[in-house]
Amino acid sequence: MKHYSLEKKLKLFGWLFVAPASLLIIVLSFYPMIYSFILSLQSGVANNLHFTGLRNYVRLFKDANFKTSVVNVLIYLVIQVPVMLVLALILSTILNQKDLKLKGVFRTLVFLPCVTSLVSSALVFKSLFALDGFVNRFCLWLGVLNEPINFLMDPFWAKAAIIIVITWRWTGYNTIFYLAGLQNLDDSIFEAAVVDGASPTYQFFHITVPLLRPVILLTAIMSTNGTLQIFDEVKNLTNGGPGMATLSISQYIYNLSFRLNPQFGYAAAVSWAILFMVAILSFVQMQIGDKDSD
């Protein structure tokens, strides 16, 4: 060490500090990813696995259950993500108002669903949407319904319930991102807009949204990733039912691995299919975002 220059010593100590974290990432992230891809090229059960090449990936295109799960998550994605991001934008704009009282309380309340246990929140909503739950009772009291609806056993309403739960849970999460972005914007921009006679609506659509475009792109990609991998809400709320009307891709992977005849190779192939879908959709979103910013 005495013969090393100060620069080399600093680099060496830097690598020593980074090494433990790098080792953990390699062991806990990169190795499982590589192993899962190798596993996706194999078929069989437990220790009786044999190489089958791309057969599992070919099987994806013939698997009706997989196609159903893909359609379901795409429905969640197309409806829930835009609604959630618009709500998050509106909430962040309101919470960023300088004359708003009890800001800390409202910001905490908005973010609170994000830190709520996934299982407990799903069970609460399962109770709310039950045949004798609060939603049915309230709608009957208002006269909107003539008889209670079994929301969680109806294919359409079960999907709607899952979309509501996801939106409730993750809107606050995205609101925090937008709020942080708004607080980094120069107030003089909005002051100049007010002087020019711009209405709050005009400011929102022509100033706030364009300036937050990079943050909106980030939250759109993260939300897309999360929705394609949705598991807890579906598992605890409907368990994929009725039938397979709400089955998600992640739950299908779980069923293939632990509930059905364990098919780890095919389950790994399905998990890589999610990765490909996320990569493609993220690429498309980034391309659209880049074009909009030109």
Side-chain angles (χ1 to χ4, degrees), residues 45 56 59-84 113-114 116-140 144-171 223-278 281:
V45 181
N56 286 327
R59 179 182 169 184
L60 289 173
F61 297 96
K62 303 176 183 178
D63 187 350
N65 293 340
F66 173 71
K67 292 178 182 177
T68 299
S69 67
V70 171
V71 171
N72 289 339
V73 296
L74 289 178
I75 290 173
Y76 302 148
L77 176 67
V78 170
I79 298 174
Q80 183 265 332
V81 170
V83 171
M84 177 180 64
C114 305
T116 306
S117 168
L118 282 166
V119 176
S120 62
S121 60
L123 291 176
V124 168
F125 275 96
K126 191 172 184 178
S127 172
L128 291 174
F129 287 110
L131 196 60
D132 58 346
F134 174 79
V135 175
N136 269 314
R137 291 182 181 180
F138 186 67
C139 290
L140 288 170
V144 177
L145 298 177
N146 294 322
E147 58 182 18
I149 298 174
N150 198 346
F151 289 102
L152 302 181
M153 294 305 294
D154 180 275
F156 174 81
W157 289 113
K159 287 189 179 74
I162 289 172
I163 289 171
I164 291 170
V165 174
I166 305 170
T167 305
W168 170 83
R169 181 173 178 80
W170 296 112
T171 297
S223 301
T224 298
N225 185 15
T227 303
L228 288 176
Q229 298 182 66
I230 182 175
F231 175 80
D232 297 84
E233 290 86 351
V234 175
K235 176 65 178 173
N236 292 292
L237 202 63
T238 63
N239 198 26
M244 290 182 293
T246 59
L247 181 72
S248 67
I249 306 175
S250 293
Q251 189 182 3
Y252 186 44
I253 294 171
Y254 171 83
N255 292 341
L256 287 169
S257 301
F258 304 109
R259 290 192 61 194
L260 306 175
N261 231 354
Q263 304 173 51
F264 296 117
Y266 185 55
V270 176
S271 67
W272 274 89
I274 295 181
L275 175 64
F276 295 140
M277 291 171 64
V278 170
L281 289 174

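Heads up: numbering here begins at 1 and tracks the sequence.
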Inset, instruction - Test side-chain contact (heavy atoms from CB on, under 4.5 Å) on Asn136 and Ile149 and set out the steps. - result: CA-CA 7 Å; Asn136 269 314; Ile149 298 174; 4.0 Å; yes

Legend entry - Trace of the side-chain contact (heavy atoms from CB on, under 4.5 Å) decision for Val83 with Ile163: CA-CA 10 Å; Val83 171; Ile163 289 171; over 6 Å; no

Nearest 0.5 Å please: distance from the [atom1] atom of [X] over to the [atom2] atom of [Y].
X: Thr167; Y: Arg169; atom1: OG1; atom2: CZ; value: 12.5 Å
X: Thr224; Y: Leu74; atom1: OG1; atom2: CG; value: 10.5 Å
X: Asn65; Y: Ile249; atom1: CG; atom2: CD1; value: 12.5 Å
X: Asn72; Y: Lys159; atom1: CG; atom2: NZ; value: 4.5 Å
X: Asn236; Y: Phe125; atom1: CG; atom2: CZ; value: 13.0 Å
X: Met84; Y: Trp170; atom1: CE; atom2: CH2; value: 9.0 Å

Please enumerate all residues that pass ring-ring contact (aromatic ring centres under 6.0 Å, His included) together with [X], with sequence neighbours excluded.
X: Tyr252; result: none
X: Phe156; result: none
X: Tyr76; result: none
X: Phe129; result: Phe151

Legend entry - Nearest atoms (heavy-atom pairs only) where Pro242 meets Pro155: CG-N, 3.7 Å

Legend entry - Nearest atoms (heavy-atom pairs only) where Pro262 meets Ser257: CB-O, 3.8 Å

Inset, instruction - I would like to know whether Glu233 and Leu118 meet side-chain contact (heavy atoms from CB on, under 4.5 Å); could you show each step before the answer? - result: CA-CA 7 Å; Glu233 290 86 351; Leu118 282 166; 3.4 Å; yes

Are [X] and [Y] side-chain neighbours, meaning at least one heavy-atom pair lies under 4.5 Å?
X: Leu152; Y: Lys126; result: yes
X: Leu247; Y: Val234; result: no
X: Asp132; Y: Pro148; result: no
X: Asn56; Y: Leu60; result: no
X: Val270; Y: Asp63; result: no

Legend entry - Mutual orientation of the aromatic rings belonging to Phe138 and Phe134 [parallel < 30°, tilted 30-60°, perpendicular > 60°]: parallel

Legend entry - Worked verdict on Leu77 versus Val73 for side-chain contact (heavy atoms from CB on, under 4.5 Å): CA-CA 6 Å; Leu77 176 67; Val73 296; over 6 Å; no

Inset, instruction - Please indicate whether Phe276 has more than 12 foreign heavy atoms, meaning atoms of other residues, nucleotides or ligands, lying under 6.0 Å from its CZ. - result: yes

Legend entry - Residue Trp272 excluded, over 12 heavy atoms near CH2 under 6.0 Å: yes

Inset, instruction - Write out all pairs satisfying side-chain hydrogen bond (donor to acceptor under 3.5 Å, both in side chains) with one or both partners inside residues 238-249, taking only residues at least two apart or from two chains. - result: Lys235-Asn239, Thr238-Thr246, Asn239-Gln251

Inset, instruction - Return the set of residues passing side chain to side chain contact (heavy atoms under 4.5 Å, CB included) with Pro82 (not counting sequence neighbours), or none when no residue passes. - result: none

